[in-house]
Number of protein chains: 2
Amino acid sequence: MSPLKGRVTLATVAGSAGVSVATVSKVLNGRSDVSPSTRARVQDVLEKHGYVGRRPEPVQHETVELFYQGVLNSYSVEVIQGVLDAGEAAGVEIVLSSRPPHPSRHSAGRAAPWVRDLIASRRRAAVGITSELSDADLAALSRARLPLVIIDPADVPQPDITSVGSTNFAGGMAATQHLLELGHRRIGYIGGPPTSACNQARMSGFRSAMDAVGAEVPKDYIWLNNFLYDDGLAGGSMMLDLPDRPTAIFAGCDEIAVGVMEAARARGLRIPDDLSVVGFDDTQVARHASPQLTTVKQPLREIGAVAVRTALQLAAGEPVASHHVELATTLIVRGSAVPHGLSSVAAS
Amino acid sequence: MSPLKGRVTLATVAGSAGVSVATVSKVLNGRSDVSPSTRARVQDVLEKHGYVGRRPEPVQHETVELFYQGVLNSYSVEVIQGVLDAGEAAGVEIVLSSRPPHPSRHSAGRAAPWVRDLIASRRRAAVGITSELSDADLAALSRARLPLVIIDPADVPQPDITSVGSTNFAGGMAATQHLLELGHRRIGYIGGPPTSACNQARMSGFRSAMDAVGAEVPKDYIWLNNFLYDDGLAGGSMMLDLPDRPTAIFAGCDEIAVGVMEAARARGLRIPDDLSVVGFDDTQVARHASPQLTTVKQPLREIGAVAVRTALQLAAGEPVASHHVELATTLIVRGSAVPHGLSSVAAS
DNA sequence: GGAGAGCTTCGAAAAGTTTTCGATAATTGC
DNA sequence: GCAATTATCGAAAACTTTTCGAAGCTCTCC
């Protein structure tokens with residue numbers, strides 16, 4: 001823009017704006033003894049010349065806050081690595097923090113204390129993992145112009161909140177169709193919170209695939225609580241103790257799937273001979289399970305990276321194509337699901 | 001403190017410290033071209049005169065950098081949560097970063113680029129998880145007065161580097177003694193890198209316990225590579241294919257233990273009936289394994305918290321009692337190790 | 001064992017920024 | 001209309017940071 005000489009200094013701007021260096025300095029520092037018209041003119045010139053101060057790359061890096069509610073798990077770990085990768089590529093630092101979950105509703109209308117802290121911290125942007133925020137929180141963040149991107153939002157994606165996820169519905173369908181193609185008809189679903197958007201999508205995919213072939217889903221074949229191992233254990237136990245137990249279970253995440261496998265083993269049922277299991281996420285635990293878990297892969301690292309890039313785009317004032325993007329899921333076939341009936345020959 | 005004339009400027013300090021104004025400026029800005037002694041003297045004078053700068057910067061939070069080399073795993077996750085807890089309690093922010101492992105030796109004598117970045121980032125302190133740093137790296141950090149605490153250092157703890165770990169030797173002994181008390185005599189050890197300090201300690205504990213009862217450890221009963229699932233799989237496979245295979249295996253970490261269990265299952269051996277396994281760490285994977293893993297618990301969250309607190313102590317100039325502290329390990333008995341011979345009745 | 005390459009340390013001077021203070025103009029009070 | 005006050009601005013002073021070169025040191029390679 002200003003090819004006269006090297007860097008754009010106050011003097012450059014002052015000359016171009018027809019004022020003194022002192023005046024430009026005052027504009028930059030928000031002093032009162034500058035007339036509105038002069039101030040406006042100087043600010044125009046500052047922007048046109050792209051004045052960046054003495055140190056264009058100050059020692060102080062920009063930061064993006066990555067927060068989560070609850071505990072870290074194998075799922076978070078993958079996302080975090082993607083976030084770090086993208087952060088490093090973009091030259092921003094990642095500040096990690098654990099935030100209290102669901103603020104109780106009795107302080108409705110006011111943003112949670114930690115949200116106020118977050119705003120005060122002057123981050124370039126924030127990324128939340130599977131987080132749930134109140135309307136007041138969102139309003140406060142919006143007022144403060146702090147860009148926020150939620151990964152796999154706990155609530156259904158709102159139009160006024162940017163989020164990144166994966167094709168949960170398609171993934172749920174793919175997993176279920178895989179089991180159906182293997183000949184299973186009595187298939188159960190064990191998933192996370194009923195209010196959780198990604199659980200709803202996965203379950204809907206499950207139901208759609210079942211409906212499409214006219215397979216019935218008894219009430220007891222659905223069990224929802226949290227995305228935890230213990231939920232797989234509890235839900236699996238319940239389902240496997242039914243008089244007419246399912247021959248396959250689709251788990252809402254890998255941890256649940258491993259819990260289901262344990263519930264089966266505790267009853268002397270073999271995986272996959274007596275029960276086929278399909279998980280969701282394709283985290284480390286899927287590869288370390290025995291047998292290795294057939295699962296729906298979410299590109300978690302990519303999701304983390306996209307979240308950061310989107311947040312930085314918002315921070316830069318660039319428009320984003322969509323307030324919610326979903327990356328494609330892939331069915332990864334391993335050893336935990338086999339054709340129905342194939343095993344019963346060997347078993348009985 | 002200095003009521004002679006008006007404000008305390010760089011020149012005031014420079015005169016009092018017997019250096020140039022430029023040097024004082026460099027100290028303030030954390031430049032590298034100031035010797036440690038000069039830096040210390042100037043900082044003393046700065047503090048004594050209560051230099052506050054021309055414009056006191058808006059209070060931005062102190063940061064502590066938490067870095068790791070390689071990948072995050074269930075072990076890191078626990079440590080990270082402890083670090084975050086302690087960071088929040090102390091009011092410092094945690095900046096998480098992944099750093100390239102072992103700088104190749106061809107640039108010996110110079111600190112790695114990421115170490116220079118770390119120094120330039122002006123953290124209050126840094127904490128590394130199972131990291132390995134070159135002498136040049138350490139020297140550079142020391143020169144820059146950036147306090148560093150390593151958690152479970154990969155190298156043997158040096159006197160000039162502060163570190164936090166757990167009683168690996170005692171833990172290794174406890175695990176082995178447990179197996180010995182269960183009647184096992186043919187016990188294998190599968191662990192991490194031979195150069196790794198914590199691996200060495202655990203293995204020494206293993207050997208000591210074996211020696212104490214006169215149990216022999218054939219060469220093939222030791223397998224060292226990395227602390228990964230695949231290493232448990234590979235090492236376990238090797239050991240279980242021996243003509244005189246062990247009846248129990250002590251794994252250097254939980255992930256290895258799960259890999260060993262898989263290697264056993266692949267050979268039709270049942271856990272714990274045909275092979276007892278003991279792990280180390282007590283991470284999530286120990287509780288989710290099937291059967292649940294008997295393991296040596298490291299207080300990982302506490303270790304992370306202690307590391308942060310120690311780093312902040314160093315940053316505050318307070319002396320630390322010891323350059324290396326070890327927190328106590330505990331044997332957690334679950335279902336993966338049973339008395340030897342008890343099973344062979346049922347099995348054969 | 002010494003020439004020289006490379007690194008560290010430091011300050012003088014240059015470059016850049018902010019504040020002070022006085023000049024001038026515009027506005028207000030009476 | 002005139003004095004008093006206020007608003008605006010820049011020259012110069014005050015202050016800080018960076019650049020660059022000198023001096024000393026270490027290490028290497030004949």
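Residue numbers start from 1 in every chain, and the chains themselves are labelled A, B, ... in the order their sequence lines are given, proteins ahead of strands.
Separating the CG atom of Leu28(A) from the P atom of dT16(D) is a distance of 19 Å, rounded to the nearest angstrom.
Contact of the Arg39(A) side chain with the Gln43(A) side chain is registered, since non-hydrogen atoms from C-beta on lie closer than 4.5 Å.
In this structure, Val24(A) reaches neither bases nor backbone, as no heavy-atom distance under 4.0 Å exists between it and the strands shown.
When the side-chain nitrogen and oxygen atoms of Thr38(B) are compared with OP1 and OP2 of dT9(C), none of them lie within a distance under 4.0 Å. For Tyr51(B) and dT16(D), the shortest distance from a side-chain N or O to OP1 or OP2 is below 4.0 Å. An OP1 or OP2 oxygen of dT9(C) is reached within less than 4.0 angstrom by no side-chain nitrogen or oxygen of Thr23(B).
Listed nucleotides dC9(D), dT17(D), dA12(C) differ in distance to Ser35(A); the shortest reach to its side chain belongs to dC9(D). Side chain of Asp33(B), nearest nucleotide from dC9(D), dT8(D), dC10(C): dC10(C). For Ala22(A), taking side-chain heavy atoms from C-beta onward, the closest of the listed nucleotides dC9(D), dT17(D), dA12(D) is dA12(D).
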Would you sort out whether Ser98(A) and Gln81(B) count as a side chain to side chain donor-acceptor pair (under 3.5 Å), showing the intermediate values? CA-CA 8 Å; Ser98(A) 160; Gln81(B) 304 210 34; over 6 Å; no
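Taking both residues in full, the closest heavy atoms of Gly252(B) and Phe227(B) are given as O-CE2, 3.7 Å, listed atom of the first, atom of the second, then distance. Contact detail for Ser97(A) and Glu65(A): the closest heavy-atom pair is OG-OE2, 2.6 Å.
Heavy-atom distances to DNA chain C give each of Lys26(A) and Thr9(A) a nearest nucleotide, and the one nearer the 5′ end belongs to Thr9(A).
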